[in-house]
A.B. asks: 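Take a look at this one; I'll ask things after.
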Amino acid sequence: MNHKNFGQTALLAVLFLIIGLAAQPAAAKDKLIWAVGSKIPTMDIYGTTSLNLTNIYYMVSDSLLERDLDTLELKPNLAKSWKRLDDTTWEFTLRKGITFHNGNPLTAEDIRYTIMDRILNPELKSRQAPGFKFIKEVKVLDEHTFQIITKGPTL
């Protein structure tokens, strides 16, 4: 894997880990019944590395980006667009009209809070923090636009 693909894969992995942020449309009425052979220790996705909980979150939450399974290219999901501004700055624009399960709108501040205040906050000891350590800062530009600033070059 070349450095460009590694950087994109690392960024995609981080964005997939933000899966607890977004939700289905408020009108969704489907039920999910999930049975596993072991106890799920917590429903706090950031406080565990439980594969069972991660699988549940992948089924009921969305990520900022997705990977096309045929071409392996990144494609929009919650983020309608993204661009690399320089070696350490990525800018994302969220789609409008995205809501959490409770109907609250998804905003750039929700992304900033999740990464900076929840995952990277050393006091909370998130088990997901190692996958986010390359992030220096998340800047909110407006309700739907934010930047992820990394500690070093990423592709």
Side-chain angles (χ1 to χ4, degrees), residues 8-70 72-85 89-150 154:
Q8 288 178 344
T9 301
L11 181 62
L12 180 64
V14 166
L15 297 176
F16 277 136
L17 286 174
I18 303 175
I19 57 178
L21 283 177
Q24 313 172 31
K29 303 222 185 305
D30 296 332
K31 282 186 179 180
L32 172 67
I33 299 173
W34 180 264
V36 293
S38 63
K39 184 177 180 180
I40 296 174
T42 178
M43 288 303 290
D44 177 7
I45 189 67
Y46 307 115
T48 185
T49 56
S50 165
L51 182 58
N52 288 333
L53 181 58
T54 301
N55 288 335
I56 290 169
Y57 267 77
Y58 275 120
M59 287 187 278
V60 300
S61 299
D62 290 312
S63 57
L64 292 172
L65 305 176
E66 291 182 329
R67 184 158 312 264
D68 183 298
L69 297 179
D70 294 324
L72 301 180
E73 295 292 321
L74 295 175
K75 63 182 188 175
N77 195 26
L78 296 176
K80 71 176 181 178
S81 64
W82 66 97
K83 60 186 172 186
R84 188 176 126 190
L85 302 179
T89 308
W90 290 82
E91 187 169 291
F92 295 84
T93 302
L94 297 170
R95 286 188 303 139
K96 294 180 180 172
I98 303 296
T99 61
F100 287 94
H101 293 88
N102 66 2
N104 290 342
L106 174 67
T107 67
E109 173 56 25
D110 296 317
I111 305 295
R112 190 213 59 79
Y113 172 83
T114 299
I115 295 172
M116 300 307 298
D117 295 351
R118 180 62 184 98
I119 297 171
L120 289 177
N121 180 342
E123 292 176 16
L124 298 179
K125 298 180 175 122
S126 170
R127 305 272 223 132
Q128 305 299 331
F132 290 77
K133 289 291 186 188
F134 70 95
I135 295 176
K136 177 180 177 182
E137 177 182 8
V138 178
K139 285 185 184 176
V140 173
L141 303 181
D142 63 40
E143 187 175 0
H144 294 97
T145 311
F146 64 95
Q147 294 176 345
I148 293 179
I149 295 92
T150 61
T154 59

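The residues of the chain are indexed from 1 along the displayed sequence.
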A.B. asks: Do Leu94 and Phe146 touch side chain to side chain, with heavy atoms closer than 4.5 Å?
C.D. replies: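 Leu94 reaches Phe146 side chain to side chain.
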A.B. asks: To the nearest 0.5 Å, how far apart are CZ in Arg67 and CD in Glu73?
C.D. replies: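 These two atoms lie 7.5 Å from each other.
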A.B. asks: With distance as the sole test, does Asp62 use its side chain to make a donor-acceptor pair with the main-chain N or O of Leu78 at under 3.5 Å?
C.D. replies: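 Checked: no pair found.
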A.B. asks: In the structure I gave you, are the side-chain heavy atoms of Asp117 and Arg112 within less than 4.5 Å of one another anywhere?
C.D. replies: yes
A.B. asks: Mind listing the closest non-hydrogen atom pair of Trp82 and Lys75 along with its distance?
C.D. replies: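 Smallest interatomic distance, heavy atoms only, reads CH2-C, 3.7 Å.
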A.B. asks: Identify the heavy atoms of Arg95 and Asn77 that sit nearest to each other, and give their distance.
C.D. replies: NE-O, 2.6 Å
A.B. asks: Exactly one of Ile111, Leu65, Val138 should register a side chain to side chain contact (heavy atoms under 4.5 Å, CB included) with Phe92. Which one does?
C.D. replies: Leu65
A.B. asks: Is there a donor-acceptor pair under 3.5 Å between the side chain of Asp110 and the backbone N or O of Thr107?
C.D. replies: yes
A.B. asks: Assess whether atom CG of Leu85 is packed by more than 12 heavy atoms of other residues, nucleotides or ligands within 6.0 Å.
C.D. replies: yes
A.B. asks: Let's go through Met116 and Asn121 carefully: what are the C-alpha distance in whole Å and the side-chain angles of both, what is the deciding distance for side chain to side chain contact (heavy atoms under 4.5 Å, CB included) to 0.1 Å, and is it a yes or a no?
C.D. replies: CA-CA 6 Å; Met116 300 307 298; Asn121 180 342; over 6 Å; no
A.B. asks: Distance check, rounded to the nearest 0.5 Å: Thr89 atom OG1 versus Glu137 atom CD?
C.D. replies: 9.0 Å
A.B. asks: Do you know which two heavy atoms are closest between Gln147 and Leu141, and how far apart they sit?
C.D. replies: NE2-CD1, 3.6 Å
